[in-house]
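The structure appears right after this line, and notes come after that.
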Number of protein chains: 2
Amino acid sequence: MNDEKGIKDGSKKHRPMPTVKKQTDIFFMQRALELAAQARGQTSPNPMVGAVLVKNGKIIAEAWHQKAGEDHAERIALKKAGKSAQGATLYVSLEPCCHFGKTPPCVDIIKQSGVSRVVAAVRDPFPQVSGKGFDVLKDAGIEVVEGVLEKEARRLNEVFFTVHEKKRPFVMLKWAMSLDGRTSDDWGHSKWITCEQSREFAHRLRSWHDAILVGVGTIIADKPKLTVRLRDFNRTQPACIILDPKLDTPPDSPCFNEDHEIYIISSPIKGIALKNKAEKLIQKKAKIISIDAHNEKFHIPTVLKELLQAGIQSIFVEGGRCVAGSFFEAEVVDKIGAFIAPKIIGGFAPTSPLICNPSCNKDFRPLQDVAIKTIGSDVYIEAYLTL
Amino acid sequence: MNDEKGIKDGSKKHRPMPTVKKQTDIFFMQRALELAAQARGQTSPNPMVGAVLVKNGKIIAEAWHQKAGEDHAERIALKKAGKSAQGATLYVSLEPCCHFGKTPPCVDIIKQSGVSRVVAAVRDPFPQVSGKGFDVLKDAGIEVVEGVLEKEARRLNEVFFTVHEKKRPFVMLKWAMSLDGRTSDDWGHSKWITCEQSREFAHRLRSWHDAILVGVGTIIADKPKLTVRLRDFNRTQPACIILDPKLDTPPDSPCFNEDHEIYIISSPIKGIALKNKAEKLIQKKAKIISIDAHNEKFHIPTVLKELLQAGIQSIFVEGGRCVAGSFFEAEVVDKIGAFIAPKIIGGFAPTSPLICNPSCNKDFRPLQDVAIKTIGSDVYIEAYLTL
């Protein structure tokens with residue numbers, strides 16, 4: 001019989017990676033994902049991560065990463081378990097890190113803990129990790145299984161993966177429309193299409209993003225505050241981004257009275273009139289980002305690049321319909337959240353939630369991973385445009 | 001003690017109508033409604049009716065009305081039960097008739113049967129019955145309870161009640177739209193928005209109506225057959241109604257090759273050109289109904305009146321969007337059935353399912369009795385505009 005050392009040395013070459021996912025692995029990974037999701041909206045720029053330690057079929061410790069700068073999930077769980085981690089299986093929703101960030105590498109404490117098996121949902125897209133964490137563990141003779149509930153884990157950290165893989169912020173479009181497919185009447189009135197519960201849920205969606213984006217038309221027509229208004233919300237408000245090529249945002253807009261960062265995307269500020277407008281908005285603590293616009297439309301990938309540089313990793317696009325259309329035309333929409341209220345608005349005008357070049361979608365592109373639920377009297381449909 | 005005769009004589013005045021609905025009454029009436037619905041689409045111009053005979057808490061016979069001219073539900077159930085009906089309770093989803101129609105009055109057989117209690121869901125709106133059926137039963141000393149699941153019973157026979165109470169056919173609007181609220185792209189292409197299961201269900205909805213109505217624009221753009229295409233459908237096809245003020249329906253439209261009645265609603269046929277067009281369509285066995293049109297729009301209440309006279313009690317309006325809007329403007333829409341597909345169409349044009357005068361609905365009128373279900377990959381929302 002081989003001694004333990006011998007098995008460890010040969011582990012990388014001779015032990016095949018299990019490919020069939022065990023039901024128990026799926027069960028405990030599901031729990032790790034649930035734990036991770038506890039911190040939704042609180043970990044940026046870090047991903048949400050959950051960890052579960054299992055020994056003899058029982059959970060002996062569990063944890064989730066709560067905030068950037070604080071301990072990672074697996075570290076908390078292993079600290080909780082102490083010596084009993086010996087021989088246990090660690091389920092973690094993301095590949096453990098192997099580099100020094102704000103905290104030391106997790107692979108070190110895993111090795112020290114005596115854990116015999118690590119099951120991870122997905123590889124970390126961060127170039128300094130990305131498979132290297134697994135390698136370190138395997139080299140230490142720990143059995144590593146990856147890819148259990150991978151898709152779910154990617155969806156959970158859709159923002160994190162989009163930022164690292166696509167080098168742009170994650171974009172979610174939200175709209176609320178009537179049963180006849182209108183987001184406002186012909187006069188632009190759009191308030192109270194949806195029920196109270198839907199409006200509360202829309203605030204929840206806002207709270208899960210780094211920024212809320214609207215066009216200047218929405219600022220003028222609806223005078224929104226663009227804040228998260230939820231009783232249990234006590235974090236930093238999402239930033240507020242206004243697409244405003246001619247700097248028409250009124251300096252007395254209600255959004256300036258709120259405690260959030262405001263970015264205004266404008267055309268390059270040339271001429272005295274535009275300079276005067278810019279000065280007034282800067283006095284209101286708006287940060288102005290100048291980007292070339294053609295026919296008053298910005299090149300959306302450039303806008304996203306600038307915003308990512310400003311530290312914004314996820315954007316909740318709330319309208320209007322031309323703004324939504326411009327993101328759609330640029331093919332940078334990751335997710336759609338549509339509220340449908342059982343009401344009829346009627347009218348003659350094109351008041352659909354999305355106005356865009358029709359040729360950009362001749363195939364009636366179907367959406368992915370469609371989830372349908374009722375909220376109060378409304379229907380809420382959430383779906384992805386990207387895998 | 002009063003003798004039985006005495007009680008009977010005094011029954012109308014002294015026995016109060018029970019107002020609290022018993023749970024058992026609701027339970028058995030639910031069954032009567034289920035039975036009634038077995039004949040959906042088959043009883044026109046009669047209502048659907050179900051009957052359940054209950055003795056000592058057990059169902060001893062049940063039946064439903066299958067077709068106009070055949071026995072009513074209560075008669076079939078009582079025939080099945082024979083002598084055991086003595087002392088039983090009869091649940092019937094509509095007030096029993098007391099007049100000679102194609103069959104003799106049901107109240108006579110109920111009295112003869114020895115049934116001691118009759119529970120009915122709703123009063124018959126037919127003027128020759130409407131409460132008189134109940135009176136006859138009460139006069140015979142039978143306890144009568146009415147109004148158990150009344151709303152459900154009215155909805156079940158929504159066509160019958162609309163015809164008798166509003167003196168016009170029942171109108172259901174149907175549309176299929178994308179998640180961005182469009183029923184076609186900017187070029188008018190609309191095929192395959194919904195999934196196969198939704199399209200099959202749309203055929204089921206057609207089968208439950210006396211007629212399918214479209215505008216001539218739909219005839220020209222989509223070349224529809226306007227038939228029910230379901231494996232289990234072997235009844236007469238619904239009639240086909242085309243709103244066509246200038247008689248632009250091409251005589252080679254596919255709908256003329258099908259085995260259904262075709263009504264074309266046109267402006268008064270004046271001038272040789274219109275007469276020539278009419279002749280060609282009449283050769284195709286179309287029946288032309290002439291009604292004044294203003295700006296190529298018909299007065300919809302007049303259209304409905306003419307169609308009711310032609311024997312059409314229910315109309316399934318399938319488009320296009322201006323036709324749907326004209327019914328909505330006329331406030332004669334009873335029910336809406338909207339399919340929503342998780343797809344994005346995009347575009348610039350007003351391609352909402354309903355185009356109508358916006359002033360006719362400034363309040364974003366909420367709909368009643370909204371039912372939401374998923375069909376294949378789509379959402380189907382059904383709702384009422386009328387109570």
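Note that the structure is predicted; figures quoted are calculated from it, not measured. Convention: sequence-line order gives letters A, B, ...; per-chain numbering from 1.
Taking both residues in full, the closest heavy atoms of I315(A) and L307(A) are given as CD1-CD1, 3.6 Å, listed atom of the first, atom of the second, then distance.
Using a 4.5 Å cut-off between heavy atoms, L354(B) touches chain A through backbone and side chain atoms alike. When heavy atoms are compared at a cutoff of 4.5 Å, A349(B) approaches chain A solely by way of its backbone atoms N, CA, C and O.
P254(B) has its side chain within reach of K223(B): a pair of non-hydrogen atoms, C-beta onward, lies under 4.5 Å apart. Taking the side chain as every heavy atom from C-beta outward, I340(B) and I381(A) approach each other to under 4.5 Å. When side chains are defined from C-beta on, S184(B) does not count as touching H189(B), because their heavy atoms never get closer than 4.5 Å. Using a 4.5 Å heavy-atom threshold, the side chains of L367(B) and Y384(B) count as separate. Residues I355(A) and P350(A) meet the side-chain proximity criterion, which asks for heavy atoms closer than 4.5 Å.
Note on A341(B), C322(B), P342(B): by heavy-atom pairs under 4.5 Å with chain A, the leading option is P342(B).
Residues R40(B) and S207(B) bring no donor and acceptor atom of their side chains to less than 3.5 Å of each other.
Residues of residues 197-204 of chain A lying under 4.5 angstrom from chain B, judged on non-hydrogen atoms, do not exist here. Residue-level contacts of residues 167-180 of chain A with chain B, in order of numbering, are W175(A), M177(A), S178(A), L179(A), D180(A); threshold 4.5 Å between heavy atoms.
Around atom NZ of K225(B), no more than 12 heavy atoms belonging to other residues, nucleotides or ligands sit under 6.0 Å away. The environment of K305(A) atom NZ is sparse: at most 12 non-hydrogen atoms of other residues, nucleotides or ligands sit within 6.0 angstrom.
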Q: Using the side chain to side chain contact (heavy atoms under 4.5 Å, CB included) rule, take F327(A) and L304(A) through it: C-alpha gap first, then chi angles, then the decisive distance, then the call.
A: CA-CA 10 Å; F327(A) 278 82; L304(A) 292 180; 3.9 Å; yes
**Q.** Full working for side chain to side chain donor-acceptor pair (under 3.5 Å) between R206(B) and T227(B)
**A.** CA-CA 8 Å; R206(B) 282 181 172 179; T227(B) 51; 5.0 Å; no
